[in-house]
Amino acid sequence: MSSTRRQYPFHLIEPKWQQQWDVQATFRAWSPGERIPAAHPFGQRHGLRDETATTLNLPPKFYVLDMFPYPSGAGLHVGHPEGYTATDILARYRRAAGFNVLHPIGWDAFGLPAEQYAVKTGQHPRVTTEANITTFRRQIKSLGFSYDWQREIDTTDPRYFRWTQWIFLQLYHSWFNPASNRAEPIESLPYPAELKSEPERRVYRDGKRLAYVSDAPVWWCDALGTVLANEEVIDGKSEVGGFPVVRRPMRQWMLRITAYAERLLQDLQTIDWSDSLKEMQRNWIGRSEGADVTFTIDAPGLPAAERQVTVFTTRPDTLFGATYMVLAPEHRLVDAILPATWPANTPVTWKGQQPGATQSPQAAVAAYRAYAAARSDRERTDLAKEKTGVFTGAYAFNPANGERIPVWIADYVLLSYGTGAIMAVPAHDTRDLEFARAFNLPIRTVVQAPGNTESIGFVDDGISVNSGFITGLPTPDAKRNITDWLVQQGLGQARVNYKLRDWLFSRQRYWGEPFPIVWKPGPDGEPFHEALPESELPLLPPPLDDFKPTNDGRPPLARATDWLNLAGAQRETNTMPQWAGSCWYYLRYLDPANDQAFCRPAAERYWMGSAGHPNARITPGVDLYVGGTEHAVLHLLYARFWHKVLFDLGHVSTPEPFYKLVNQGLILGEDGQKMSKSRGNVINPDDILKDYGADAFRLYEMFLGPLEMTKPWSTRGVEGVYRFLGRVWRLCIDESSETEFEQRCAANPDQAAQHLEALRPHPAIQATAPDASQLRVLHACIRKVTEDLDHLRFNTAISALMVFVNEAIAWDVRPLETLRTFLVLLHPFAPHLAEELWQLLDTQRESAAGTGTPVAPNTIAYLPWPRFDPALLVEETLEIPVQVNGKLRDRIRLPADTTPAQVELAALAADKIAPLLRGKTLRKIIVVPGKLVNLVVSP
RNA sequence: GCCCGCGUGGCGGAAUUGGCAGACGCGCUAGAUUCAGGUUCUAGUGACUAACAUCGUACAGGUUCAAAUCCUGUCGCGGGCACCA
């Protein structure tokens, strides 16, 4: 490819404009309070030369955001620029349309690969990270994105993570007040009267914080040497690397995201995300309505508290059909309720399968627990066919009918959901039915299925039967009725349950934000935690040269003994997960250099849309956020959670961070398979850029298909858009001047860039007014490109640009203004080429050149977006298809203003139509004005 | 298993939301330019036909004057969740 002739000298044009944009800071976004230099094109466009920007004099904001990359050692792949190109096109389009566009980029640079590399080589993660960022920055800049580089951020920069730590302190110093349904400062926490002493109150307070310490079992990954959040564990393996994980109790920091479950769910209705993405978040939050029901164990000797077992059910209406109970094997009451011996007549199959462990309930339960603990999560879920469990020997009373029902333990009941115990209604729950059939437990129908449907195994709404006072009621009424009854009896209450769990927030790693927390010995010997004052931020990680965990299994930070030990206290040695930095980066872009606050309120209110605007409707939050689906639950849920906390505490002004969110689709290899090194089908953007240039690369990424769709890469396809750019070039450039340019380049390659000056406009380009058909072609293009950009339909917008060029290249006279307008339409897609040709066709430059005064190259970026005139699009005559019985038979050409009655007559008289109607009965004539005529006839 | 989304030429994909199926691009065919290859330009390109006609948007039905588009069922592909009571 490199041996063939270039379509146009993109290798000279692209660096030229990238440098120009850098020097001019062309895409610098101005916040209220900043002074706009007289020479900046933004100020020139908006009449703000050398003025201080304010909320009132700035145009409306448009915040278009990319998911910032993790700068890996592998460099950029073609997936990154897909979303980045889409947002860049939008940014350039909105800038032209008169918005103040914020389009930033940065680096999500804490993370495991750099740390693992450090463990292997001793190379400090800081060094690796900086090298990788340099590569990423170079690659991203070579694509010509219109980022405001003065707002570049790096999550590993102490000036950045200082504020990540500060936000953690906000969480630490807050509690969630259920009465106000929001976070409040911990000082407002009311204490129960019986808590008098400060140590007692401290324990209570620490249990209420949004950031708290928990000893619950967590997922531990040996291969990664750290714990992981629930969301990072998939099918019993780590999301990163696919290593096995095990459940292990450890003392860990948690964030109380569950307090926000309902608001995270409800507020989805206020934002413009795809249905599938909202659905994924809804599934993850997993709201279900039902009731708590208390069962009493038949063990009169036990204290009352140990005889009560509460279950959660979404079907309280089936309570009369509960023929047994199941507790999770780890349920805390199991040991208390076990009788010493099996009840008489216990079937042998109920005592468990473990040989030698069936003599007593204790032995059977212990054996089953050992078996369940040994099963990995994958085995539990994949081998879901065979239900297992053992009878505990205990019985409970069904509160509805007083029946004595056996209590089992089984691993199909999860300790972590609901109350860790269920009432089993085998007739109307698939899992309970499987279990009941396996162990021959009673099955009682309590819901009548409609029609002839079998009632056993029926899990939908029906009519209650065999159910005492709710018999005959439809399911929704029965639920309400029995829940009211349970409340009256003091046996239960309505309850909403969520699958969402609190967020495990600590990791045993080096390359992350240290917690601004110290531990002190308590009066009872138990250590307690305290926050560092804000004045001690940023808390830097200690210098280390060994990044492995300590030999006794503590995190790497514990190696730094000088750092670790303070007077009377020890530092927290865990670090924050990678998600921490990405939870709020979109806020830091608003005011990236601020060392007094994470973000100045005036900037926050302007860019997040709370300041309003006199002449425009402003979007609350980020206007457009584009990124991959892989962040559908993790990053996007965490970020919404932090944002809501900051909102409650008055630090941000909108309840949601990202108003409109779009997931870009995956780009597959040329073989239609996912790109991967092992398949050898990875496309490197650097190679494409070298052969075709950045503009062709951008254009192709967008021309491939709809942004959100998964689609295969084709390097042949790149040549198609590259040829299109070549045609644009030849539309504007005089061929003989190009020959001269090439000769000069060949003679003097070192000064190739200067030789661009030799290029002259195509002789067919004249300063004449376009004719009606040229205007129609142009305005059809303006209309299509504008509407398509408004709906993110980049592929069809590009096709409209191609249609224009295919037409215009055939014109004998190419009106100058028409081509200039076209270049404005082209520039968001192919900015370098558009800038170069604009400069060439710039009449002011021509005249200034005559005076010998050098003219600074200006930019196309701030020219007004053209508007289309609908009047110019109206065709004088229309071609109307004529159908007979829905089949196309002829086309007739008629003036656009023909009345429907005249269209009818013309259709009937058409050459190919009249013979078809002979001898038939005309039943009906349908005229769709301007569209088509359908004649309905019968023989 | 459950929940979303999608099935259109040889390929990527269009179709103003019920109104001319296949825009635009790739590929392919023929011609022009060229010593030649490449580039560029011109014309053609759903299937079957000499042509007229006929058929054609995964498959089978249905609604409608009219269906890629709406409804029912089936099959296939992709994604998410997965014993969540």
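Quick caveat: nothing in here was measured; it's all calculated off a predicted structure. Numbered from 1 within each chain, the chains take letters A, B, ... in sequence-line order.
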Interatomic distance, A:Glu787 CD vs B:U16 C1' [rounded to whole Å]:
8 Å
Side chains of A:Ile782 and A:Phe822: does their closest heavy-atom pair fall under 4.5 Å?
no
Kindly compute the distance separating OH (A:Tyr371) from CG (A:Asp411), expressed to the nearest 0.5 Å.
6.0 Å
Heavy atoms from C-beta onward define the side chain here; which of B:G27, B:A85, B:C4 lies closest to that of A:Thr314?
B:A85
Where the side chain of A:Arg698 meets the backbone of A:Pro828, is there a donor-acceptor pair that is under 3.5 Å apart?
yes
Roughly how far apart are A:Glu82 CD and A:Phe794 CZ, rounded to 0.5 Å?
10.0 Å
Classify A:Asn806 by what it touches in the nucleic acid, base, sugar-phosphate, or nothing, heavy-atom distance under 4.0 Å.
sugar-phosphate
Looking at A:Glu719 and A:Arg716, is any side-chain nitrogen of the basic one under 4.0 Å from a carboxylate oxygen of the acidic one?
no
Within less than 4.0 Å of OP1 or OP2 of B:A85, is there a side-chain N or O belonging to A:Ser288?
yes
Under 4.0 Å, counting only non-hydrogen atoms across every strand here, what does A:Leu932 touch: a base, just sugar-phosphate, or nothing?
base
Can you tell me, in whole Å, how much space there is between the P of B:A66 and that of B:A82?
47 Å
Of the options B:C65, B:A85, B:A14, whose atoms approach the side-chain atoms of A:Tyr417 most closely?
B:A85
A:Arg727 side chain to A:Gln7 side chain, donor-acceptor N/O pair below 3.5 angstrom
no
Output the rounded distance in Å from CG (A:Leu414) to P (B:C83).
6 Å
B:A85, OP1 or OP2 - any side-chain N/O from A:Arg495 closer than 4.0 Å?
no
Between B:A66, B:G25, B:A14, spot the one nearest the side chain of A:Met802, thanks.
B:G25
Taking only the side-chain nitrogens and oxygens of A:Asn795, find out if one of them lies under 4.0 Å from OP1 or OP2 of B:A14.
yes
Please round to the nearest 0.5 Å and tell me the distance separating atom CG of A:Leu327 and atom OG1 of A:Thr392.
7.0 Å
Does any N or O donor sit under 3.5 Å from an N or O acceptor when you compare the side chain of A:Asn283 with the base of B:C81?
no
Touch check for A:Met709, heavy atoms < 4.0 angstrom, all strands: base, sugar-phosphate only, or nothing?
sugar-phosphate
Are side-chain N/O atoms of A:Asp502 and A:Thr258 paired as donor and acceptor at under 3.5 Å?
yes
A:Gly717 or A:Arg889: which one's nearest nucleotide on RNA chain B is closer to the 5' end?
A:Gly717
Options B:C81, B:G19, B:G25, nucleotide nearest the side-chain atoms of A:Ile926
B:G19
Here the distance between atom C1' of B:G80 and atom CZ of A:Arg282, to the nearest Å, is 14 Å
So A:Gln883 and A:Val933, do their side chains get closer than 4.5 Å, heavy atoms only?
no
Using a cut-off of 4.0 Å on non-hydrogen atoms, how would the nucleic acid contact of A:Arg501 be classed: base, sugar-phosphate, or nothing?
base
For atom NE2 of A:His791 and atom P of B:U16, their distance in whole Å
12 Å
Distance check: side-chain N/O of A:Lys711 vs OP1/OP2 of B:C26, anything under 4.0 Å?
no
C1' spacing across the pair B:U16 / B:A23, given as an integer number of angstrom
12 Å
Considering only heavy side-chain atoms of A:Tyr412, the closest of B:C83, B:G27, B:C41 is B:C83
Mind checking the P distance from B:A21 to B:G56? Whole angstroms is fine.
12 Å
Could you tell me whether A:Gln7 contacts a base, only the sugar-phosphate backbone, or nothing, with contacts defined as non-hydrogen atoms closer than 4.0 Å?
sugar-phosphate
What's A:Val928 touching, base or sugar-phosphate or nothing? Going by heavy atoms closer than 4.0 Å.
base
Where does B:G9 land, syn or anti, once you apply the within-90°-of-0 test for syn?
syn
Measure from the side chain of A:Phe312, starting at C-beta and using heavy atoms only, and say which of B:A14, B:A53, B:A85 lies closest.
B:A85
Would B:U74 be called syn or anti here, given the cut-off of 90° from 0?
anti
Go through B:A23, B:C26, B:G13 for me and flag the one nearest to the A:Arg716 side chain.
B:C26
A:Leu668 CG to B:G12 P, in whole Å, measures 11 Å
d(CD1, A:Ile733; P, B:U39) in whole Å
22 Å
Parallel, tilted or perpendicular: ring planes of A:Trp713 versus A:Tyr700, cut at 30 and 60 degrees:
perpendicular
Output the rounded distance in Å from CD (A:Glu279) to P (B:A82).
14 Å
Does A:Arg723 put a side-chain nitrogen or oxygen below 4.0 Å from OP1 or OP2 of B:C26?
yes
Side chain of A:Val413 (C-beta onward), nearest among B:A85, B:G12, B:C81
B:A85
Are A:Tyr324 and A:Phe439 an aromatic pair by the rule of ring centers under 6.0 Å?
no
Does A:His791 use its side chain to pair, donor to acceptor, with the backbone of A:Glu787 at less than 3.5 Å?
yes
Checking B:A85, B:C83, B:G12 against the side chain of A:Thr313 (C-beta onward), the nearest is B:A85
Taking the C1' atom of each, how far is B:C48 from B:C55, in whole Å?
8 Å
Would you please enumerate the stems RNA chain B participates in, each stem being three or more consecutive Watson-Crick or G-U wobble pairs with both distances under 3.5 Å?
B:1-7 with B:75-81, B:10-12 with B:24-26, B:27-32 with B:40-45, B:58-62 with B:70-74
May I have the distance from A:Arg730 (atom CZ) to B:U33 (atom C1'), rounded to whole angstrom?
14 Å
Would you measure the distance from the C1' atom in B:A15 across to the matching atom in B:A51 and give it in whole Å?
30 Å
Considering only the P atoms, how many Å lie between B:G79 and B:A47, rounded to the nearest integer?
32 Å
Distance between P atoms of B:C11 and B:A50 (Å, rounded):
25 Å
For A:Met423 and A:Lys924, take the nucleotide of RNA chain B holding the closest heavy atom to each; which residue's nucleotide lies nearer the 5' end?
A:Lys924
Roughly how many Å apart are B:U34 and B:U69, using the C1' atom of each and rounding to a whole number?
49 Å
A:Ser276 side chain, from C-beta outward: closest of B:A66, B:C4, B:A85
B:C4
So, is A:Arg727 close to the B:U39 phosphate, meaning a side-chain N or O under 4.0 Å from OP1 or OP2?
no
May I ask you to say what A:Thr710 touches in the nucleic acid, namely base, sugar-phosphate or nothing, with a heavy-atom cut-off under 4.0 Å?
sugar-phosphate
